[in-house]
Amino acid sequence: MKKYIFLILTGLSISAAHSQGISDAMRYSQDNLNGTARFRAMGGAFGALGGDLSSLNVNPAGSAVFANNQFGVTLSNYNTKNNSNYFGTKTNESENSFILNQAGGVLVFNNYDSKSNWKKLAVAVNYENTNNYNDAIFSAGTNPTNSVDKYFLNYADGIVPLGLIKNSYYRNLNYGAQQAYMGYEGYIINPVTLDDKNTQYTSNVPAGGNYYQENEIYSNGYNGKLSFNFATSYKDKLYIGVNLNSHFTDYTRNTSFYEDNNNNTTAIDRINRLRFDNQLYTYGNGFSFQIGAIAKVTDQIRLGLAYESNTWYKLYDETTQSLVTVSSNNAGELPNRIVDPQIINVLEPYKLQTPGKWTASFAYVFGKTGLLSVDYAIKDYGNTKFKPTNDSFFRGVNNTMSDQLTNSSEVRIGAEYKIKLLSLRAGYRFEQSPYKNSSTIGDLNGYSGGLGYNFGSTKVDLAYSYAKRNSQQAFFSQGFTDGANINTKFNNVSLTMLFEL
């Protein structure tokens, strides 16, 4: 029987190992509905309209629609509520945050070339949070079948020699071997033989009963997009524009998994309680471009078409983890076993290519009294790729994404009605699941509304948006993949101040 020890190492580990999975790729591939209050209130349906700073993120030709210089800033309050169902036990958790969501401006040069029909030039810079990662999920319930021991066995059994675990420091192991190390030192898994060449392991968690489990996930951070926009118009009938986009992300996720059982009634020591904590910190930057056009077919009808390229990210991951286990036999519990390497694993930088998007748009303008707008967008999530693609690990993840992900369509509908200086707005948004099974991440339905008031050179807009989506969230990506059904509800209130010059 192993001795009960307290392991502490201090330092920084540089590792060439990989820990990325399909959920990490999806985090940066999906965009939320963000932007100015008018944009949000109308469901983001601005591809054929333009004339709004956030419309540039749909169709970059939209800046040439502006009649005057404009600068704006948007503050938003995000509230996310997650209802979890894990083997029939229902729990909920929520997170609230207040952020600067958008800031930007556009300069319009009218009649800059009197000898040409290309009479207008617009230059814009706009920043937006394409995703707010502040979130909290708590799941709890009794698993009648599986223990987290399968997670550690998945990395160890048939793979990692016992001698490598016993004779190496945690900091010198790759990510997979580190998980085997944690399970071995935490007494969750045992080698079949004590031979250093042994790669066979068994579980030290007693079988034949229920396992009460809790999983907490707390995350924070953002994905930002800074767009540099150029657009022009031909006879005020055709508008063409381009965006050069700089992306940057900063994301932290803390997870804590707890498990206990009363399955051991023998004199042999077995694990009856454990807590496994992990932290992931990801940061990096990326680049993409957009091109688009808007045609004013008649005074009432406008059509738009835009393409957004893949986004090419370079990302960096840092991970930390710790484990506490408690053993027991029929005589009672034994002292805690704590495995706390106190090591920050700085993983090798990697690249991620997220999918591009096409957007087709239609708008009907009722003179100066109102408008109706529809956007239809399609994105092929199956083209998401980690790079380098010749890396054996990334090749496996990329094949999984190609098999599990599919084309996702999005429909946005927006309407606006003006009563003198007051504008009333409403919107609807539907986004298909990016997964072929439509359940890992389900369809999204969203509704929005708002109003605006024109004070002349200053405008104030207010919007409220609501969306909901179901998902299935596995607690771990390998080995032990049981998870909870999550129903997520998003509530947002945005306030925009606009200034025309």
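Residues Pro349 and Lys314 are in side-chain contact: their nearest non-hydrogen atoms beyond the backbone lie under 4.5 Å apart. Proximity of Thr130 to Lys225: side-chain heavy atoms (C-beta onward) are separated by under 4.5 Å at one or more points. Between Phe455 and Val460, some side-chain heavy-atom pair lies under the 4.5 Å cut-off. Using a 4.5 Å cut-off on side-chain heavy atoms (C-beta onward), Val106 and Leu53 make contact.
With respect to Glu431 and Arg469, a salt bridge is recorded, a charged nitrogen being found less than 4.0 Å from a carboxylate O.
A donor and an acceptor atom, one from each side chain of Ser63 and Asn229, are located under 3.5 Å apart. For the residue pair Asp375 and Ser361, a side-chain donor N or O sits within less than 3.5 Å of a side-chain acceptor on the partner. A donor-acceptor contact closer than 3.5 angstrom is absent between the side chains of Ser227 and Asn126. Under 3.5 Å, the side chains of Tyr28 and Thr311 contain no donor-acceptor pair of N or O atoms. For the 3.5 Å distance criterion, the side chains of Asp52 and Thr36 qualify, holding a donor opposite an acceptor. With hydrogens and angles left out, the side-chain atoms of Asn134 and Glu95 include no donor and acceptor closer than 3.5 Å. For Ser494 and Ser76, the side-chain atoms include at least one donor-acceptor pair closer than 3.5 Å. Side-chain contact check for Gln102 and Asn34: no donor-acceptor pair (N or O, by modelled atom type) lies under 3.5 Å. A donor-acceptor pair shorter than 3.5 Å can be found between the side chains of Ser54 and Glu128. Side-chain atoms of Asn492 and Arg40 include a donor-acceptor pair closer than 3.5 Å. A donor-acceptor pair shorter than 3.5 Å can be found between the side chains of Asp482 and Asn146. Side-chain atoms of Tyr381 and Gln404 form no donor-acceptor pair, as typed in the model, at a separation below 3.5 Å. Side-chain atoms of Ser84 and Ser139 include a donor-acceptor pair closer than 3.5 Å.
If you look at Tyr251 and Tyr222, their ring centroids are not closer than 6.0 Å. Separation of the Phe475 and Tyr86 ring centroids falls under the 6.0 Å cut-off. Proximity of the aromatic rings of Tyr281 and Tyr283 is defined here by a centroid distance below 6.0 angstrom, and this criterion is met. Note: Phe480 and Tyr151 fail the aromatic proximity criterion, with ring centroids not under 6.0 Å apart.
Distance check, rounded to the nearest 0.5 Å: OG1 of Thr249 to CG of Asn223 gives 4.0 Å. Interatomic distance, Leu107 CG to Leu501 CG, rounded to the nearest 0.5 Å: 8.5 Å. If you take CZ on Phe499 and CG on Asn69, they are separated by 14.5 Å, rounding to the nearest 0.5 Å. Distance check, rounded to the nearest 0.5 Å: OH of Tyr447 to OG of Ser465 gives 13.0 Å. Atom CD of Gln472 sits about 11.0 Å away from atom CG of Asn85, to the nearest 0.5 Å.
In plain terms, the two heavy atoms of Leu303 and Ala48 that are nearest each other are C-CB, 4.0 Å. In terms of heavy atoms, Gly51 sits closest to Val65 at N-CB, 3.8 Å. Summarising the geometry of Asp24 relative to Arg253, their closest heavy-atom pair is OD1-NH1, 4.2 Å, with the distance given to 0.1 Å. Contact record, Gly47 with Val58: CA-CG1, 3.7 Å, taken as the closest heavy-atom pair. Taking both residues in full, the closest heavy atoms of Ala124 and Leu56 are given as CB-CD1, 3.7 Å, listed atom of the first, atom of the second, then distance. Of all heavy-atom pairs between Tyr313 and Thr354, the closest is CE1-CG2, 3.8 Å.
The backbone N or O of Leu173 lies less than 3.5 Å from a partner atom in the side chain of Gln178, making a donor-acceptor pair. Panel note: side chain Thr91, backbone Phe138; a donor-acceptor pair is recorded below 3.5 Å. The backbone N or O of Asn132 sits nowhere less than 3.5 Å from a side-chain atom of Asn129 that would complete a donor-acceptor pair. Side chain of Ser408 to backbone of Gln432: a donor-acceptor contact under 3.5 angstrom is found. No donor-acceptor pair under 3.5 Å is formed between the side chain of Ser423 and the backbone N or O of Ile419. Side chain of Asp380 to main chain of Gly382: a donor-acceptor pair is present (N/O by atom type, distance under 3.5 Å, no hydrogens or angles). Looking at Ser471, its side chain never comes within 3.5 Å of a backbone N or O of Gln473 through a donor-acceptor pair. Thr319 contributes no side-chain N or O that, together with a main-chain N or O of Gln279, makes up a donor-acceptor pair within less than 3.5 Å. A donor-acceptor pair is defined here as one N or O able to donate and one able to accept, closer than 3.5 Å; no such pair exists between the side chain of Asn131 and the backbone of Tyr133. A donor-acceptor pair is defined here as one N or O able to donate and one able to accept, closer than 3.5 Å; such a pair exists between the side chain of Lys120 and the backbone of Phe66.
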Before you tell me yes or no, could you show the steps for Gln321 and Asn278 under side chain to side chain donor-acceptor pair (under 3.5 Å), namely the whole-Å CA-CA distance, both residues' side-chain angles and the distance that decides it to 0.1 Å? CA-CA 4 Å; Gln321 54 187 179; Asn278 286 267; 2.8 Å; yes
Going through the distances and angles, do Asn59 and Ile294 end up as a side-chain contact (heavy atoms from CB on, under 4.5 Å)? CA-CA 8 Å; Asn59 190 332; Ile294 297 174; 3.6 Å; yes
Would you please test Glu410 and Lys379 for salt bridge (Lys or Arg N to Asp or Glu O under 4.0 Å) and show each step? CA-CA 8 Å; Glu410 182 179 13; Lys379 182 187 289 190; over 6 Å; no
What's the verdict on side chain to side chain donor-acceptor pair (under 3.5 Å) for Asn437 and Thr440, showing C-alpha distance, side-chain angles and the deciding distance? CA-CA 7 Å; Asn437 62 19; Thr440 304; 2.9 Å; yes
Can you list the steps and then say if Tyr466 with Tyr464 is a ring-ring contact (aromatic ring centres under 6.0 Å, His included)? CA-CA 7 Å; Tyr466 167 84; Tyr464 167 75; 7.2 Å; no
Output, in order, the C-alpha distance, side-chain angles, deciding distance and verdict of salt bridge (Lys or Arg N to Asp or Glu O under 4.0 Å) for Glu416 and Arg38. CA-CA 9 Å; Glu416 181 178 58; Arg38 183 180 181 224; 3.0 Å; yes
For side chain to side chain donor-acceptor pair (under 3.5 Å), just list the numbers for Thr80 and Asp135, CA-CA rounded to whole Å, side-chain angles, deciding distance to a tenth of an Å, and then say yes or no. CA-CA 7 Å; Thr80 304; Asp135 201 7; 4.8 Å; no
Residues Asn445, Tyr428; criterion side chain to side chain donor-acceptor pair (under 3.5 Å); working and verdict: CA-CA 8 Å; Asn445 280 278; Tyr428 171 74; 2.6 Å; yes
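Sequence neighbours left out, the pairs with a member in residues 433-462 that pass salt bridge (Lys or Arg N to Asp or Glu O under 4.0 Å) are Arg425-Asp461, Lys459-Glu500.
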